[in-house]
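Below is one structure; the comments refer to it alone.
When reading the values below, keep in mind they use all heavy atoms of this one structure, side chains included, and skip hydrogens, waters and symmetry mates. What you are looking at is a predicted structure, and each value in this text was computed from that prediction instead of being measured.
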Amino acid sequence: MGSPFTAQQRRKVKHDSRACVWDNIGRCIGIQILCAVPYVLLLVILYATLFGRVFALLAAGYTDNYILGSAAAEGLNSVWGVLFVMLVITGPLQYGLMRFYVSLRRGGEPGTGTLFQAFTSLQELWTGIKMAFCLFFRSLLWTVGPTLLYMFALMVITINTIVTRHAPPAGLMTGIGVLYGLAMLLINVKLLAYRAGWVVLYDHPDCSVWDATAHAGRAFLGQFGRLLLFVLSFIGWYILLAGITGVCLFLGLLGWRFFGGAMGVAVLAAVLLAVACLYIVLGSFINAYFTTSFIGVYETLAEPQGEAGPRTPDGGENLQ
């Protein structure tokens, strides 16, 4: 079990991480943009695979539902290949991203090329893929129960409504949805502990992914409440990001309606460009701030256990 993680330690970890990220804000923005590019391209390919042929037929004037349905079915049959590619690159990219943040947190000066480091070695590529599967499997183990219960409750309510021909009590569906959302929030906080397995792999590339996540999870035993408070302490940043984005979009739409015509479109386009830049900068800062702080929390909890020794940007942890 990890040692108690106090509010003072949390503030210190966050203060150090914020200063570290701010000193390297250009690196953080660069690696976030690089990380987003493959996902955006794959999403475009996924969208084109699913709906490209359907839209092409519609554009050509086809309206027969059978032909359009066949085209949609072909897209669904082909989508598995795109999803497989997404899975293959997700693990190695996440491995590279976490390497970047671990090194940054420990005082290193990693380059944005760190993101693609796992693709230079078949062993590291395979490790990244296995880690993605491992985290997905652990997530499935925790979420399948509540999700099945939620679906069962909805099914029971639906059947009861059909049989009795009476609508369910007001707020029942909303209440069940809120309870499910709260349960998933708590589960995701629990699952966050396993993400520290990337830090273990950083120091011990030969460690199995299951052992790495298990080792990381042990550091957070008895610390769930403090980990939850840590996560909630970042809500203000995400509210700020959403608020600024929403206000800017509102002003852009207002300008578009007020000016009208080409001027209105130009104002809206300028605002959208500004919002995109602001979202990238502030979003990259928040993500880097949260990730490096989380790494700091893990290292603070792990070191007193005798399971982690002094660390350097090159590693040096003693895995028990």
Will you find, in the side chains of Q123 and D206, an N or O donor that is under 3.5 Å from an N or O acceptor? yes

Any donor-acceptor N or O pair under 3.5 Å, side chains R105, S17: yes

First locate atom CG of L254, then atom CG of L249, and finally report the distance between them rounded to the nearest 0.5 Å. 12.5 Å

Straight-line distance of T127 OG1 to W198 CH2, nearest 0.5 Å: 9.0 Å

Please tell me whether F220 and F294 form a close aromatic pair, meaning their ring centres lie under 6.0 Å apart. yes

Verify the neighbour count for atom [atom1] of [X]: are there more than 12 heavy atoms of other residues, nucleotides or ligands below 6.0 Å?
X    : atom1 : value
W126 : CH2   : no
Y238 : OH    : yes
F133 : CZ    : no
L41  : CG    : yes

Just wondering, do [Y] and [X] contact through their side chains at under 4.5 Å, heavy atoms?
X    : Y    : result
L154 : M173 : yes
V199 : R106 : yes
I187 : P146 : yes
W142 : N188 : no
T143 : M184 : yes
Y150 : T147 : no

Go through the steps for R99 and E124 under the test side chain to side chain contact (heavy atoms under 4.5 Å, CB included), then give the verdict. CA-CA 12 Å; R99 273 179 165 170; E124 293 184 356; 3.0 Å; yes

List the atom pairs, with distances to 0.1 Å, where a side-chain N or O of residues 267-291 and a protein N or O form a donor-acceptor pair under 3.5 Å, not counting sequence neighbours.
residue, atom, partner, partner atom, Å
S284, OG, I280, O, 2.5
N287, ND2, Q32, OE1, 2.5
Y289, OH, R18, NH1, 2.6
T291, OG1, N287, O, 2.8

Any chance you could lay out the side chain to side chain contact (heavy atoms under 4.5 Å, CB included) test for V189 and F224, step after step, and finish with the verdict? CA-CA 8 Å; V189 172; F224 178 81; 3.8 Å; yes

Do any N or O atoms from the side chain of T213 and from the backbone of V209 form a donor-acceptor pair under 3.5 angstrom? yes

Donor-acceptor contact below 3.5 Å, side chain R27 vs main chain P110: yes

Shortest non-hydrogen contact from W210 to C134? CE3-SG, 3.6 Å

Tell me, with the steps shown, if Y298 and V200 meet side chain to side chain contact (heavy atoms under 4.5 Å, CB included). CA-CA 10 Å; Y298 165 71; V200 179; 3.4 Å; yes

Please name all residues satisfying salt bridge (charged side-chain N to carboxylate O under 4.0 Å, His left out) with K12, sequence neighbours left out, ordered by chain then number. D16

I29-W22 co-clustered via ILVMFWY side chain contacts under 4.5 Å: yes

